[in-house]
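In what follows, chains are A, B, ... by sequence order, proteins preceding strands, each numbered from 1. Reckoned from all heavy atoms, side chains included, excluding hydrogens, waters and symmetry mates.
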There are 2 protein chains.
Amino acid sequence: MTLREVARETGLSPATVSRVLRDSGPVSAKTRNLVLSTVERLGYRPNSLAQGLRTGRSTAVALVVSDIEQGWHASLTKHLQVSLEEIGIDLILMNLGHELRRLDMVVERVQAMRLRGVILAASDRIPPKQVKRVVGNLDKEVLIASIGQRLDRYGIPSFVHSDTEAAEAAVEYLLQKGCSPVAFCSRIRTSTMGKERFQGYLNAIERAGLAIDENLVWDYSDTSFFRQAAGYKMLNDALDRGVKFKSVLAGSDEIALGAMAAVLDRGLRIPDDIAIIGFGGLDWGVSVRPRLTTLTSDLAGLSESVREFFLQQKNGAGGKPQMLTVFRRELALRASA
Amino acid sequence: MTLREVARETGLSPATVSRVLRDSGPVSAKTRNLVLSTVERLGYRPNSLAQGLRTGRSTAVALVVSDIEQGWHASLTKHLQVSLEEIGIDLILMNLGHELRRLDMVVERVQAMRLRGVILAASDRIPPKQVKRVVGNLDKEVLIASIGQRLDRYGIPSFVHSDTEAAEAAVEYLLQKGCSPVAFCSRIRTSTMGKERFQGYLNAIERAGLAIDENLVWDYSDTSFFRQAAGYKMLNDALDRGVKFKSVLAGSDEIALGAMAAVLDRGLRIPDDIAIIGFGGLDWGVSVRPRLTTLTSDLAGLSESVREFFLQQKNGAGGKPQMLTVFRRELALRASA
DNA sequence: GTGAAAGCGCTAACAC
DNA sequence: GTGTTAGCGCTTTCAC
């Protein structure tokens with residue numbers, strides 16, 4: 001079933017049928033209806049491969065995540081898929097597995113498939129050199145967007161959460177509740193989000209007139225641990241070293257869960273002995289005991305913005321897109337802090 | 001940068017260059033090297049849109065999941081993506097959001113994009129009529145595979161876990177530990193996996209000479225709850241109704257987590273008052289307290305088999321593929337049961 | 001308002 | 001072992 005057959009069936013030319021289908025150029029109402037009904041009747045569906053070849057671009061977009069098994073990424077993926085489907089964009093999922101060198105392979109695939117765009121949702125910090133390589137190796141028409149990581153200074157529209165402020169709010173809350181000293185556990189060096197959150201932590205501590213204690217900052221960038229395991233390990237190590245603290249701000253809900261496990265395994269109480277706050281607002285947070293206090297995300301809002309970005313660029317009416325869009329996190333107070 | 005340019009640069013014809021690149025037909029070692037080095041030098045990458053248009057098929061495959069936010073699906077997605085990438089298959093992610101009618105849209109997209117295949121990883125039971133519609137609306141060359149749901153009687157190669165046996169083993173373990181009565185909480189009516197597991201539950205109960213008690217079977221198919229929330233709700237309801245039981249076999253780790261929360265909220269102890277076993281073996285199971293006893297999955301093995309299926313079909317050497325491949329689950333004994 | 005024709009980049013007969 | 005040729009299904013000038 002090709003466009004040619006629809007043309008033959010209607011007695012029109014392929015050009016006219018195409019015009020109707022893409023709504024480009026003038027067509028009489030009569031022809032339009034004829035074409036539309038015939039398309040319907042024959043069950044014709046355009047071949048997107050042919051469309052893509054002819055126009056130079058497919059309509060699909062690559063979604064690059066660091067780790068789809070991480071709740072935040074899975075949730076983001078769901079929301080993006082819903083939002084982008086609305087405007088006819090298919091998602092090609094590419095998982096980096098935290099190996100940044102795979103980003104170059106991703107770029108190759110994007111080029112080979114002539115994709116419409118790439119959404120970078122990598123939590124790992126991408127070094128400037130590599131960002132430039134990505135931008136340089138991609139055709140100019142390939143739309144790039146970054147989620148979670150500010151890449152706006154490279155001309156890449158970035159959609160992020162207010163991580164610094166969120167961390168500040170969390171730490172302030174902990175201090176006010178008397179949970180000082182406050183520790184911070186996250187990937188920091190190798191994660192831009194981690195860095196932003198750490199900055200918020202620093203701000204709040206300093207603003208309270210307290211000193212920064214290196215022993216309270218646990219960056220697991222250089223370990224082979226991830227997610228829950230990292231939280232568990234970092235907390236255990238700190239406890240082993242005899243570090244004194246009354247609360248922990250974790251870089252993700254998963255880290256927080258691991259941290260909770262370590263605390264409970266010592267027979268300590270949450271939040272009485274050690275309070276814990278996570279980052280992300282994943283849905284299982286209300287199902288663990290004690291319930292996890294966390295900083296929520298606005299994935300729905302973020303996905304809508306990304307959709308608007310693609311829509312606007314597609315219509316060409318775009319002009320310069322907004323380079324930075326920031327979404328709010330809220331402190332969801334539950335039982336763990 | 002097109003194949004034609006590579007041909008011009010080497011002084012060969014497009015056909016020869018194509019032959020080298022696809023390793024089809026005879027080429028002299030000399031020409032082959034020349035082409036390969038020129039391709040390298042020029043940084044030429046084949047346009048997969050053109051390839052797909054010409055050959056009639058793209059190399060990408062659609063992965064259809066019910067709910068990417070569910071741990072099992074996210075984990076499966078990761079493993080599949082790794083396995084399929086090895087043989088040059090890109091994954092287009094399609095999320096049903098538990099709305100089966102979206103399956104028809106999926107089929108349309110698959111057709112429009114001339115995808116190589118579809119992997120159905122839907123936990124929701126697909127009614128026979130709809131399976132037939134899917135098969136009927138898809139071109140004959142589109143490879144179909146089913147994961148988690150047996151669709152082999154429709155001629156669709158299916159990759160599943162030994163759910164019935166796994167449930168039997170879990171229930172037997174519970175009975176032997178004296179945790180009778182055993183309850184079962186899952187989607188049953190609307191989930192094929194749920195049905196298999198339920199069958200295992202029934203088998204074990206009957207084999208032990210016990211009577212099946214309807215009050216101990218909680219099917220939440222007709223509620224609007226999912227995952228943790230469903231487990232929490234079902235358990236709470238049962239407890240409210242005064243149903244007596246000493247253990248619960250849950251249809252997923254998420255359900256188990258919700259169930260644990262409900263039990264703990266009543267001040268009951270796990271596993272002493274109520275023991276709980278999950279399904280899936282997700283990684284966070286070792287991070288909740290008490291640690292979740294669960295039936296593990298073999299996602300790595302499953303993904304490899306799916307890869308072999310696609311590889312075999314690609315090489316045409318295939319012949320009839322194996323219609324049913326079953327993977328073992330193991331009872332991972334931890335603290336919750 | 002509609003049609004004819006050219007061609008996107010590639011592959012697969014078919015020649016030689 | 002290599003080249004020539006003819007499209008895959010669509011869009012887009014350019015005529016009329």
Side-chain angles (χ1 to χ4, degrees), chain A residues 1-36 38-39 42-60 88 108 110-116 139 141 314 316, chain B residues 1-36 38-39 42-60 88 108 110-116 139 141 314 316:
Chain A
M1 182 52 43
T2 71
L3 181 142
R4 202 165 219 98
E5 297 180 49
V6 176
R8 189 155 38 225
E9 183 77 14
T10 53
L12 293 160
S13 74
T16 305
V17 176
S18 174
R19 269 191 287 258
V20 171
L21 261 22
R22 329 203 80 223
D23 204 15
S24 66
V27 252
S28 74
K30 200 179 153 185
T31 343
R32 139 174 253 88
N33 288 334
L34 174 61
V35 169
L36 258 20
T38 312
V39 162
L42 266 42
Y44 163 76
R45 297 282 164 242
N47 179 329
S48 35
L49 250 24
Q51 291 184 144
L53 177 58
R54 179 60 232 234
T55 60
R57 285 286 139 209
S58 88
T59 61
E108 276 197 12
V110 171
Q111 285 291 91
M113 300 175 84
R114 300 299 190 271
L115 297 185
R116 187 72 227 289
D139 287 349
E141 313 93 84
K314 185 161 82 177
Chain B
M1 180 54 41
T2 72
L3 182 141
R4 202 164 221 98
E5 296 180 51
V6 177
R8 189 154 39 225
E9 183 75 13
T10 54
L12 293 159
S13 74
T16 305
V17 176
S18 174
R19 269 192 287 258
V20 171
L21 262 22
R22 330 200 80 220
D23 205 16
S24 66
V27 251
S28 74
K30 201 178 153 185
T31 343
R32 143 175 250 88
N33 289 333
L34 174 60
V35 170
L36 258 21
T38 312
V39 162
L42 266 42
Y44 164 75
R45 298 283 164 239
N47 179 329
S48 38
L49 251 23
Q51 290 184 146
L53 177 59
R54 178 60 234 231
T55 61
R57 284 287 139 208
S58 87
T59 61
E108 275 198 13
V110 171
Q111 284 291 89
M113 300 176 84
R114 299 299 191 272
L115 297 185
R116 188 71 227 288
D139 288 349
E141 315 92 84
K314 185 161 81 175

[X] vs [N]: side-chain N/O to OP1/OP2 distance below 4.0 Å:
X	N	value
A:Q51	D:dT11	yes
A:T16	C:dG3	yes
B:T2	C:dG9	no

Near-strand residues of residues 20-31 of chain B, defined as heavy-atom separation under 4.0 angstrom from DNA chain D =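 Those residues whose heavy atoms fall under 4.0 Å from DNA chain D, taken from residues 20-31 of chain B in numerical order, are B:P26, B:V27, B:S28, B:T31.
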Atom [atom1] of [X] and atom [atom2] of [N]: how far apart are they, to the nearest Å?
X	N	atom1	atom2	answer
B:N47	C:dG9	CG	P	7 Å
B:Q111	D:dG9	CD	P	13 Å
B:L53	C:dA12	CG	P	12 Å
B:R114	D:dC8	CZ	P	13 Å
A:R54	D:dT11	CZ	C1'	4 Å
A:L49	D:dC10	CG	C1'	11 Å

Do [X] side-chain atoms and [Y] backbone N/O form a donor-acceptor pair below 3.5 Å?
X	Y	value
A:S18	A:P14	no
A:D139	A:E141	no
B:S48	A:A112	yes

ask   = Testing B:L34, B:V27, B:V6 for side chain to side chain contact (heavy atoms under 4.5 Å, CB included) with B:V20, which one passes?
value =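 Only one option passes, and that is B:V27.
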inquiry  = Exactly one of B:T16, B:D23, B:L21 should register a side chain to side chain contact (heavy atoms under 4.5 Å, CB included) with B:R32. Which one does?
reply    =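 Testing each of B:T16, B:D23, B:L21 against B:R32, the sole residue satisfying side chain to side chain contact (heavy atoms under 4.5 Å, CB included) is B:D23.
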Distance, nearest 0.5 Å, that separates [atom1] of [X] from [atom2] of [Y]:
X	Y	atom1	atom2	value
B:N47	B:R54	CG	CZ	14.5 Å
A:K314	A:R57	NZ	CZ	15.0 Å
A:L3	A:L12	CG	CG	10.5 Å
A:T10	A:N33	OG1	CG	12.5 Å
B:R45	A:R114	CZ	CZ	11.0 Å

query = Does B:R19 make a side-chain donor-acceptor contact with the base of D:dG3, cut-off 3.5 Å?
reply =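 In this structure, the two groups form a donor-acceptor pair.
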ask   = By a strict heavy-atom criterion of less than 4.0 Å, which residues belonging to residues 3-15 of chain B are in contact with DNA chain C?
value =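 Output list: B:L3, B:R4, B:A15.
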key: Between the first and last five pairs of the helix from C:dG1-D:dC16 to C:dC16-D:dG1, the angle of the axes, rounded to 10 degrees   =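 That helix gives 40° between its end axes.
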message = Would you say that B:E5 contacts B:R8 through its side chain, given a criterion of any heavy-atom pair below 4.5 Å between the two side chains?
response =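 B:E5 vs B:R8: side chains touch.
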